[in-house]
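Here the structure comes first, spelled out in structure tokens, and everything after it is commentary.
Source: prediction; values computed, not measured. Chain identifiers are assigned alphabetically (A, B, ...) following the order of the sequence lines, protein sequences preceding nucleic acid strands; residue numbering begins at 1 within each chain.
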Amino acid sequence: MRAGGRYVLYWAQMNRRVESNHALAYAVEVANSLKLPVLFYEGLTCSYPHANDRFHTFLLEGVPGTARCLQRRGMGYVFHLRRCRTDPNDAFYRLAADAAAVVTDDYPVFIAHDHNRSVPNKLAIPYYAVDSSCIVPMGHFTKQEYAAYTIRPKIRKVLDECLQPVKIPHVRYRFTDVLPALHTPVTKSNITGLAAACQIDHSIPPSTEYRGGHDEAKRRLRYFLENNLRRYAKLNREPSAHATSGLSPYLHFGHISSLEVALAVREYAAEHKLIADEFLEQLIVRRELAFNFARFSPSLDSLDALPNWAQRTLAEHAGDRRDPAYTREQFEHAATHDALWNATQTELLTRGVIHGYYRMYWGKKILEWSATPEEALATMIYLHDRYALDGRDPNTYTNILWCFGLHDRPWSERKIFGKTRYMNLEGMKRKTDVDAYVQEIV
DNA sequence: ATCGGCTCGCGCAA
DNA sequence: TGCGCGAAGCCGAT
């Protein structure tokens, strides 16, 4: 290792948290063995796709808590905000120049995946990418899984040994340097101003419901445990009951780890004699199936990623007449004939998420009412990438492609859908309180 | 209210 | 090679 390094640099690309972070724990371990402190680096640019006030605000809201937590543990912190696209984008490399080693997040897709392939070649120091996104490390699975039933037994087998709290070692060498000039202090009161000063899309406001940060995630987790875990199995498909955890934005930004959630749920369930299987199925099996898909599928945003039967059947029905047929703009503005569908889209526009069950309906109807399956897929991805706090995530892409048959099975043939699963408004009315939801949203 | 059929293919048992 | 079964389905028959 390089002798001249002044610290070990942890680069928070996806997991923007201190607690329950395997990669940060590893950074401390490396630093302790090198007799060096740890510097935690987190950047925010204005050049990511669809950069807007909603995403910026959520992410900025996590920064003060991260700063507090790091200070308590004796680690340094640089949060670098790049306000304009013309600002230099070299904060990471400037910090890496004084580092003895870099530790960052292993991640299967998007920019972090690209970084983890290209950045090490530009550095003369060790570069470690550590998986702290999943409970069973992604590397445990050697192939693309076909569906939940194929990955479930493999997860079960190793789950107990993986469900262990992350132990961040005691920091032996505290970070005492003066913070580099690259740091942007963030407080509760300057977040709005910081977002406003950035060269991003200001037409999409912060979520009306979700404030970012690990503390807020923990508050929601606590609320879920005390009020909804016992109702979850029965009511997780009743959107008006608000029985779900609402943690998906926090999981997406890495403000909380699925491991921390799973451990808390398990403990609470044991203490109160509750069955948490349904929730843990979502949190672990479904989520890690999505990461497995992201890791092994050659593409995430194309119908090519679908199983053969689904590609075949959608192609056979590509020429079916669509009636009604809507454009992306009509979908975006929640301007269809269907009040429930419009409400789901309105929830996305205002809150930045759609309830998991209605999101299936949302997607199935976009498939039904778009000129082609390809156009439907592009519309869904666009709307999630732009508005969803849990968008741009392996889960999002997997959930969207599920609407086209991914990880699902064939059903009776019908128009447009072919053999992919069909959903309709009657079913939603039969099984959920559509009116209550529509009234709440509109 | 409840049930079987729809339809493909994975992975395990044999 | 055969066989059971699978994220949230619908639909018609009973």
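Using a 4.0 Å heavy-atom distance criterion, Lys143(A) is classed as a sugar-phosphate-only contact. Residue contacts shown for Arg430(A) are limited to sugar-phosphate atoms, with no base heavy atom under 4.0 Å away. Counting non-hydrogen atoms under 4.0 angstrom, Tyr146(A) reaches the backbone sugars and phosphates but no base. At the heavy-atom level, Arg414(A) lies under 4.0 Å from the strands shown only through sugar-phosphate atoms. Among the atoms of the strands shown, base atoms are found under 4.0 Å from some heavy atom of Trp411(A). As judged by a 4.0 angstrom heavy-atom cut-off over every strand, Gln282(A) is placed among the base-contacting residues.
Taking atom CD of Glu426(A) as the reference point, atom C1' of dC11(C) lies 13 Å away to the nearest angstrom. The interatomic distance linking Trp309(A) (CH2) with dC10(B) (P) rounds to 12 Å, in whole Å. Atom NE2 of His407(A) is separated from atom C1' of dC8(B) by 15 Å (rounded to the nearest Å). Here the P atom of nucleotide dC10(C) and the CZ atom of Arg409(A) are 13 Å apart, to the nearest Å. Look at NZ on Lys154(A): it is 10 Å from C1' on dC10(B), rounded to the nearest Å. As a whole-Å value, the separation of Lys157(A) NZ from dG11(B) P is 13 Å. Look at CD on Glu316(A): it is 13 Å from C1' on dC8(B), rounded to the nearest Å. One atom, CZ of Phe417(A), and another, C1' of dC10(C), lie 11 Å apart when rounded to the nearest Å.
The Ser412(A) side chain lies nearest to dC6(B) when the options are dC6(B), dC11(C), dC8(B). Which of dA7(C), dC10(B), dC11(C) sits closest to the side chain of Tyr422(A) comes down to dC11(C). Considering only side-chain atoms of Asn424(A), the nucleotide from dC11(C), dT7(B), dA7(C) that sits closest is dC11(C).
Distances shorter than 4.0 Å separate some side-chain N or O of Arg312(A) from OP1 or OP2 on dG9(B). Within the 4.0 Å cut-off from OP1 or OP2 of dG6(C), not a single side-chain nitrogen or oxygen of Arg152(A) is found. Look at Lys419(A) and you won't find any side-chain N or O under 4.0 angstrom from OP1 or OP2 of dC6(B).
Comparing the C1' positions of dC12(B) and dA7(C) gives an interatomic distance of 22 Å, to the nearest angstrom.
Taking the six-membered ring for Trp and the full ring otherwise, Tyr250(A) and Phe58(A) have centroids separated by under 6.0 Å. Ring-centre distance between Phe110(A) and Tyr397(A): below the 6.0 Å cut-off. The six-membered or imidazole ring of Tyr358(A) lies away from that of Trp341(A), with a centre-to-centre distance of 6.0 Å or more.
For Thr336(A) and Asn342(A), the side-chain atoms include at least one donor-acceptor pair closer than 3.5 Å. Defined by atom type and a distance below 3.5 Å, a donor-acceptor pair is missing between the side-chain atoms of Asp106(A) and Tyr128(A).
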Please step through ring pair (Phe, Tyr, Trp, His ring centres under 6.0 Å) for the pair His272(A) and Tyr268(A), ending with a clear verdict.
CA-CA 6 Å; His272(A) 296 82; Tyr268(A) 190 93; 3.9 Å; yes
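Under the Watson-Crick and G-U wobble criteria, each requiring two contacts below 3.5 Å, nucleotide dG2(C) is paired to dC12(B). dA7(C) makes up no base pair with any nucleotide shown, lacking Watson-Crick or G-U wobble contacts both under 3.5 Å.
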